[in-house]
K.L.:
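Once you've had a glance at the structure underneath, I'll fire off some questions.
We name chains A, B, ... by the order of the sequence lines, and we start the count at 1 in each one. Computed over heavy atoms, backbone and side chain alike; hydrogens, waters and symmetry mates excluded.
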Protein chains: 2
Amino acid sequence: MRNQTARSREERLTMQVVNHIRAMIEDGRLKPGDKIPPEREFARMLKISRASLRTGIGYLAAMGVMKVRHGVGTFVADGPPEIGKASLGLMGALHGFQPWQMFEARLLLESSLAALAAERGKEEHLTVLAEEVAEMYATVDDPQEYLIHDVRFHRTIAQASGNPILAALMETVTSTLYEERRKTVEYARNLKESAETHREIYRAIRSKNGAEARKLMAEHLRVAQSEQERETQAGALERELTPRLKARRTKSQS
Amino acid sequence: MRNQTARSREERLTMQVVNHIRAMIEDGRLKPGDKIPPEREFARMLKISRASLRTGIGYLAAMGVMKVRHGVGTFVADGPPEIGKASLGLMGALHGFQPWQMFEARLLLESSLAALAAERGKEEHLTVLAEEVAEMYATVDDPQEYLIHDVRFHRTIAQASGNPILAALMETVTSTLYEERRKTVEYARNLKESAETHREIYRAIRSKNGAEARKLMAEHLRVAQSEQERETQAGALERELTPRLKARRTKSQS
DNA sequence: TCGTGCAGAGAGGTCAGACCTCACGGAAAC
DNA sequence: GTTTCCGTGAGGTCTGACCTCTCTGCACGA
């Protein structure tokens with residue numbers, strides 16, 4: 001990787017930066033959580049201007065591969081993999097994605113994920129699932145808190161499936177839905193019932209019953225979908241009846 | 001009545017640009033294929049420096065929402081939606097994605113997509129599918145050309161499913177696999193048989209037999225996976241046996 | 001008439017360096 | 001011991017000049 005000026009005519013500097021970092025990741029010089037050199041220094045090392053380096057880093061950041069923290073530094077992402085998470089919203093606006101399509105995608109992914117988790121789930125995953133279920137029961141009166149464990153439960157199943165790609169795809173779809181849910185979960189009812197359902201899913205996975213886990217998960221998500229629709233409506237209704245909350249400008253409500 | 005300037009604390013300029021363009025897309029001022037104003041002019045309009053504007057555009061380009069063409073202009077993407085396509089490779093290097101996981105994800109998505117296509121496919125989609133199958137038969141002796149129609153066939157099924165989100169997810173996974181395939185397809189055999197399989201899938205979809213379509217597609221992809229593995233091996237083997245390709249001077253070895 | 005080639009305009013790509021803002025940690029003040 | 005303040009390092013933004021790529025249209029020659 002000396003001077004590969006040969007391909008310079010084909011590759012913009014942005015891509016050179018991306019490829020350089022990609023190479024560093026591939027041969028282990030960079031691992032999730034690592035910090036890359038300061039921009040000024042790195043730019044000098046690569047013999048390019050800081051502006052160009054920043055373009056490349058911006059590209060990687062947009063894809064979720066790097067995480068930039070103002071005043072601190074730039075790091076390699078270390079959380080659960082997310083594929084083009086931020087773009088789903090944009091693509092949605094661009095191509096007119098419908099909510100039901102989102103749910104359909106989720107249903108498909110998660111029910112299969114549950115089945116895989118039942119087949120391949122390790123003891124450690126089962127433990128976490130059990131804990132999250134317990135937490136759900138314990139927080140049925142605190143919707144926001146409940147939601148956190150709900151999300152974790154589903155995320156753990158995704159991990160237990162043993163396929164990080166599918167897990168990442170699920171994360172992509174779910175995160176958008178989750179944003180919406182956080183605003184409406186206050187209007188939820190039957191959280192107890194919801195916890196009950198999660199427990200059943202857990203039991204199916206624990207007993208390695210893939211078919212059952214798939215079926216329960218699918219059903220759970222169907223219920224969740226109609227529940228979400230109801231909550232959204234309830235939220236909209238209340239906001240209409242009590243506009244005193246704040247004349248906050250709802251920037252977009254689809 | 002705080003304007004957007006109030007949020008400068010919270011939102012980096014990059015995001016302002018992204019949100020501005022997002023808004024333009026959402027209210028229809030921008031549609032796929034449209035060209036945005038030249039950077040210098042646009043920057044003046046938004047009252048920010050060209051550098052910042054470029055950062056924002058770079059972000060959108062990275063996510064596949066915009067397409068930048070040197071010397072020509074910047075456009076809103078107009079092809080089939082792709083979610084974080086470019087990032088899959090990076091994420092793979094970062095989290096160690098395995099080929100079998102890629103195939104598993106594909107199998108899951110495409111078999112369901114085929115089932116949905118059987119249920120919802122419109123006449124126009126069926127027509128295209130039929131054409132592609134015909135083209136496949138016609139190009140069994142030209143692997144590269146065959147591949148093109150192969151890809152189109154699968155893409156059309158995705159479109160026919162009526163769920164652009166799932167289609168986009170499939171596109172994300174498949175494009176990576178496709179890159180690999182293009183290099184090894186030369187070593188393919190049984191393209192005729194492959195065309196036959198596609199035809200059967202088409203027939204299942206045409207007769208609105210979702211279950212059958214799902215089953216055939218799943219089977220097809222399993223075969224495709226092992227075939228890919230064989231081709232890769234064949235390719236590697238040949239490259240090993242004939243290292244002369246690199247030695248410029250073909251000193252009459254044949 | 002037709003084709004070729006080249007120059008100019010428009011638009012994105014890169015650069016350099018100065019200055020702003022933020023996060024953090026250690027020193028000074030209380 | 002706790003709190004406050006400020007220096008340092010790192011990312012964020014700006015300016016404006018210059019480079020490179022595309023496309024187009026006109027002039028020239030076959």
K.L.:
Name every residue in residues 33-41 of chain B that has at least one heavy atom under 4.0 Å from any atom of DNA chain C, in order of residue number, or write none if there are no such residues.
P.N.:
B:Pro38, B:Glu39, B:Arg40

K.L.:
Hey, could you give me each pair passing salt bridge (Lys or Arg N to Asp or Glu O under 4.0 Å) that has a residue in residues 57-66 of chain A? Not counting sequence neighbours.
P.N.:
none

K.L.:
Report the residues that fulfil salt bridge (charged side-chain N to carboxylate O under 4.0 Å, His left out) with B:Arg40, sequence neighbours left out, ordered by chain and then residue number.
P.N.:
none

K.L.:
Which residue pairs pass the salt bridge (Lys or Arg N to Asp or Glu O under 4.0 Å) test with at least one member in residues 45-72 of chain B, sequence neighbours excluded?
P.N.:
B:Glu39-B:Arg50, B:Glu39-B:Arg54

K.L.:
In residues 56-74 of chain A, which residues come under 4.0 Å of DNA chain D by heavy atom?
P.N.:
A:Val68, A:Arg69, A:His70, A:Gly71, A:Val72, A:Gly73, A:Thr74

K.L.:
Please enumerate all residues that pass side chain to side chain contact (heavy atoms under 4.5 Å, CB included) together with A:Gln144, with sequence neighbours excluded.
P.N.:
A:Asp142, A:Arg182, A:Val185, A:Glu186

K.L.:
Dump every N/O contact between nucleotides 14-16 of chain D and the protein below 3.5 Å, one line per pair.
P.N.:
residue : atom : partner : partner atom : Å
D:dC14  : OP2  : B:Ser49 : N            : 3.3
D:dC14  : OP2  : B:Ser49 : OG           : 2.8
D:dC14  : OP2  : B:Ser52 : OG           : 2.3

K.L.:
Measure from the ring center of A:His149 to the ring center of A:His198 and say whether it is less than 6.0 Å.
P.N.:
no

K.L.:
Going by the rule side chain to side chain contact (heavy atoms under 4.5 Å, CB included), which residues pair with B:Pro32 if we only count those two or more places apart in sequence or in a different chain?
P.N.:
A:Leu94, B:Asp78

K.L.:
Check residues 164-174 of chain A and write down every donor-acceptor pair under 3.5 Å in which the side-chain atom is one partner and the other belongs to a residue at least two apart or another chain.
P.N.:
residue  : atom : partner  : partner atom : Å
A:Glu171 : OE1  : A:Arg155 : NE           : 3.2
A:Glu171 : OE2  : A:Arg155 : NE           : 3.2
A:Glu171 : OE2  : A:Arg155 : NH2          : 2.7
A:Thr172 : OG1  : A:Ile83  : N            : 3.4
A:Thr172 : OG1  : A:Ile83  : O            : 2.8
A:Thr172 : OG1  : A:Ala168 : O            : 2.9
A:Thr174 : OG1  : A:Met170 : O            : 2.6

K.L.:
Can you list everything that forms a side chain to side chain contact (heavy atoms under 4.5 Å, CB included) with B:Lys122? Sequence neighbours excluded, please.
P.N.:
B:Glu124, B:His125

K.L.:
Can you measure B:Phe75 atom CZ to D:dC23 atom C1' for me and round it to whole angstrom units?
P.N.:
12 Å

K.L.:
How would you list, by chain and number, every residue that makes a side chain to side chain contact (heavy atoms under 4.5 Å, CB included) with B:Asp34, sequence neighbours excluded?
P.N.:
B:Leu30, B:Lys31, B:Val76

K.L.:
Report the residues that fulfil side chain to side chain donor-acceptor pair (under 3.5 Å) with B:Glu104, sequence neighbours left out, ordered by chain and then residue number.
P.N.:
A:Arg120, A:Asn163

